[in-house]
Amino acid sequence: MTADIGVTGLAVMGRNLARNLARHGYTVAVHNRTAARTEALVAEYGHEGKFVPAFSMEDFVASLDRPRRVIVMVKAGAPTDAVIDELAPLLEPGDMIVDGGNAHFEDTRRREAALRERGIHFVGTGISGGEEGALLGPSIMPGGSAEAYASVGPILETIAAKVDGTPCCTHVGPDGAGHFVKMVHNGIEYADMQLIAEAYDLLRQATGATPADLAAVFREWNTGELESFLIEITAEVLGHVDAATGRPFVDIVLDQAEQKGTGRWTVQVALELGVPVTGIAEAVFARSLSGHAAQRAATRSLPGPRGQADPGDAARLTEDVRRALYASKIVAYAQGFDQIAAASEAYGWEIDRGALATIWRGGCIIRARFLDRIRAAYQADPALPSLLCDPYFTQVVAEAQESWRRVVATAATLGVPVPGFASALSYYDALRRDRLPAALIQGLRDFFGAHTYRRVDRDGAYHTLWSGDRSEVQA
Ligand code: NBP
């Protein structure tokens, strides 16, 4: 029996993706460096569909229909290169390798270029949804040649999540485009989680609400415009009680957030591209700060307020926080989509942001009701300069504004850190300004470094002779 497609790398993600493919009627060749995983897959799930187990890369490749389609689901980085090095010599021109790991998009560009030389298609594919998504339908973000997508795209669309019958999978663009948008997706996920955490923290500190009370608040929020997977699971986590101690689960978890690195990559790349993704950056730094245990212990007694708000204001504050959360979230997504637009321009990817919002509506971790609004915004104007310019988002943020400002002010007054809410509001206010203090910065740069400045009333670059008679010269 020959297989329609192969999966090599059968840890949680690869195994579930292979099962998803088999459940959809594809014959799936399965392979893993360590044979035990392959054996276990076939023993435990062989009844779900047609699997062709292979215990060497040669047998694996030999079991595939031509052109061969191989999904690689191994640890990102050196393991992916090792697998490609083993696989590529066994393939022929026209065959394709789909890397579903969390690769850095620059690695994907390098691998795609090298394999293209040999006539092999390389499809760098972002896959979101975790273990369960891989099995039941993830959001899939493939990048690579149109020819490769024509061959493997329909299979990926079949196993992807569906929203209103539309698959959460689209050809994102060439070479590294798929992994780039997956990276930004993860960055947005960081920002989203940070904002949720700030909302919880402020409400808990300011109103004295218990985690169980706040679980109910998030459950309620999940019935409105904030409806999303992350809000839904926030209610679950806040409502969970530790069996060993009977305490709220959130109180027995060490408060040091970890990270695997995609958020950091997003910020690093944003710095290179010059795109302000302040929401994602604050989220990454907030996790870093939480991890500095020794420094936190040394600074814990620094003076500052630790107060509670007027208990009578709890209901209003809760509604204010809900609105601030939505407004800040819109800013974080606006920034992420700006970063995608900038990369698309820089690398010539021609990414359709509306199509991307469409495939993030289901399957992935940031799936949310409001992605439909983002899809509609970019469909109405594919060149939208900022999501905040879309009439719906302009109106939502305008209506949330008073609440947003009260939340940031309340947090500052009570001494509760809200870097996500505050930076999102500052970003919004910076966009609104007629004149920014960047003019003063330009003046300072010209003073100490003769870096020159441009004038509002004339073209050209100018320099003031600061240490001379302070006359102006054209540079
Ligand atoms: P892991 O990231 O834990 O990787 C384990 C797999 O990599 C095993 O199959 C292992 O084989 C294989 N492997 C390693 Br490690 N080194 C290898 C090498 N030198 N040669 C061949 N195989 C090697 O698995 P995962 O959590 O299933 O994730 C797979 C990919 O999907 C990763 O890139 C991950 O970032 C990405 N991803 C994960 C999630 C998630 O929720 N977990 C979500 C989205 C994307 P062995 O069995 O022989 O050790």
Side-chain angles (χ1 to χ4, degrees), residues 6-21 28-45 53-61 70-90 97-108 111 122-143 156 159-161 168-169 176 178-190 193 229-230 233 258-266 359-360 362-367:
V7 179
T8 181
L10 302 175
V12 283
M13 290 295 289
R15 181 190 61 206
N16 282 357
L17 215 55
R19 290 174 61 200
N20 187 349
L21 287 159
V28 191
V30 286
H31 170 265
N32 190 70
R33 176 180 63 175
T34 308
R37 281 197 206 271
T38 315
E39 285 160 356
L41 168 59
V42 177
E44 287 172 48
Y45 306 108
F55 297 96
S56 72
M57 202 57 106
E58 287 77 8
D59 286 350
F60 176 61
V61 170
V70 179
I71 301 182
V72 177
M73 281 309 285
V74 300
K75 209 176 192 60
T80 304
D81 280 318
V83 172
I84 292 171
D85 288 347
E86 204 183 340
L87 194 55
L90 305 171
I97 298 176
V98 177
D99 174 20
N102 267 337
H104 192 288
F105 79 101
E106 289 288 14
D107 283 338
T108 302
R111 291 168 182 148
F122 187 71
V123 185
T125 302
I127 299 182
S128 176
E131 208 177 317
E132 193 178 289
L135 181 64
L136 303 176
S139 176
I140 309 182
M141 299 151 245
L156 298 178
I159 63 161
C168 295
C169 173
H179 275 137
F180 187 91
V181 301
K182 172 60 167 42
M183 176 188 77
V184 176
H185 162 286
N186 284 24
I188 291 174
E189 179 184 308
Y190 273 59
M193 288 163 68
F229 174 66
L230 284 170
I233 65 169
E258 295 175 8
Q259 42 189 322
K260 281 191 171 169
T262 39
R264 184 171 56 236
W265 287 351
T266 312
I359 69 163
W360 285 350
C364 65
I365 305 299
I366 64 170
R367 60 185 182 263

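Order of listing sets the numbers, starting from 1, for every ligand and every atom in it.
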* Candidates Val98, Ile159, Ile359 - the one meeting side chain to side chain contact (heavy atoms under 4.5 Å, CB included) with Ile140 -> Ile159
* **Geometric N/O contact Lys260 with ligand 1, under 3.5 angstrom** => no
* Asked: Quick one: does Asp107's side chain get under 4.5 Å of Thr80's, heavy atoms only?
  -> no
* So which protein heavy atom does atom 26 (O) of ligand 1 come closest to, and at what separation? -> Val12 CG2, 3.5 Å
* Min N/O separation Met13 to ligand 1 under 3.5 Å -> yes
* Any idea which atoms of ligand 1 are less than 4.0 Å away from a heavy-atom of Ile127? -> 44 (C), 45 (C)
* Do Val70 and Phe60 have side-chain heavy atoms sitting under 4.5 Å apart? -> yes
* Short side-chain to backbone donor-acceptor contact, His179 and Gly101, under 3.5 Å -> yes
* Matching residue for Trp265 among Lys260, His104, Glu106 - test: side chain to side chain contact (heavy atoms under 4.5 Å, CB included) -> His104
* Write out the residue and atom name of the closest protein heavy atom to atom 41 (O) of ligand 1, then the distance separating them to 0.1 Å. => Gly130 CA, 3.3 Å
* Nearest-contact summary for atom 47 (O) of ligand 1 - protein heavy atom, Å -> Arg37 NE, 2.5 Å
* To do: Measure from the side-chain N and O atoms of Ser128 to the backbone N and O of Ser139, and report whether any donor-acceptor pair falls under 3.5 Å.
  => no
* Asked: Which ligand 1 atoms, with their elements, are less than 4.0 angstrom from a heavy-atom of Met73?
  -> 29 (C), 31 (O)
* Structure fact -> Atoms of ligand 1 under 4.0 Å from any heavy atom of Asn32, numbered from 1 in the order shown, are 8 (C), 9 (O), 11 (O), 46 (P), 47 (O), 48 (O)
* To do: Give the residue and atom name of whichever protein heavy atom lies nearest to atom 5 (C) of ligand 1, and the separation in Å to one decimal.
  => Ala11 CB, 3.7 Å
* To do: State the atoms of ligand 1, each with its element, that fall below the 4.0 Å cut-off from a heavy-atom position in Gly9.
  => 9 (O)
* Taking the side chain from Asn16 and the backbone from Ala134, do they hold a donor-acceptor pair closer than 3.5 Å? -> no
* To do: For side chain to side chain contact (heavy atoms under 4.5 Å, CB included), just list the numbers for Ile97 and Arg111, CA-CA rounded to whole Å, side-chain angles, deciding distance to a tenth of an Å, and then say yes or no.
  => CA-CA 10 Å; Ile97 298 176; Arg111 291 168 182 148; over 6 Å; no
* To do: Determine, considering heavy atoms only, which of Val74, Val72, Asn16 sits nearest to atom 33 (O) of ligand 1.
  => Val74
* To do: Measure from the side-chain N and O atoms of Arg367 to the backbone N and O of Cys364, and report whether any donor-acceptor pair falls under 3.5 Å.
  => yes
* Asked: Does the N or O separation between Ser128 and ligand 1 drop below 3.5 Å for any pair?
  -> no
* To do: Begin with the C-alpha distance, continue with both residues' side-chain angles, and end with the deciding distance and a verdict on side chain to side chain contact (heavy atoms under 4.5 Å, CB included) for Glu131 and Arg15.
  => CA-CA 9 Å; Glu131 208 177 317; Arg15 181 190 61 206; 4.2 Å; yes
* Structure fact -> of all protein heavy atoms, closest to atom 21 (C) of ligand 1 is Val83 CG2, 3.4 Å
* Backbone N/O of Ala54 and side chain of Asp59: donor-acceptor pair under 3.5 Å -> no
* Structure fact -> Note: heavy atom closest to atom 1 (P) of ligand 1, options Lys75, Lys182, Glu86, belongs to Lys75
* For atom 34 (C) of ligand 1, grab the closest protein heavy atom and report residue, atom and distance to one decimal in Å. => Asn102 N, 4.1 Å
* To do: Would you indicate which of Leu10, Thr34, Leu17 comes nearest to atom 48 (O) of ligand 1 when only heavy atoms are counted?
  => Thr34
* To do: Give the single entry among His31, Arg33, Arg15 that approaches atom 19 (N) of ligand 1 most closely by any heavy atom.
  => Arg33
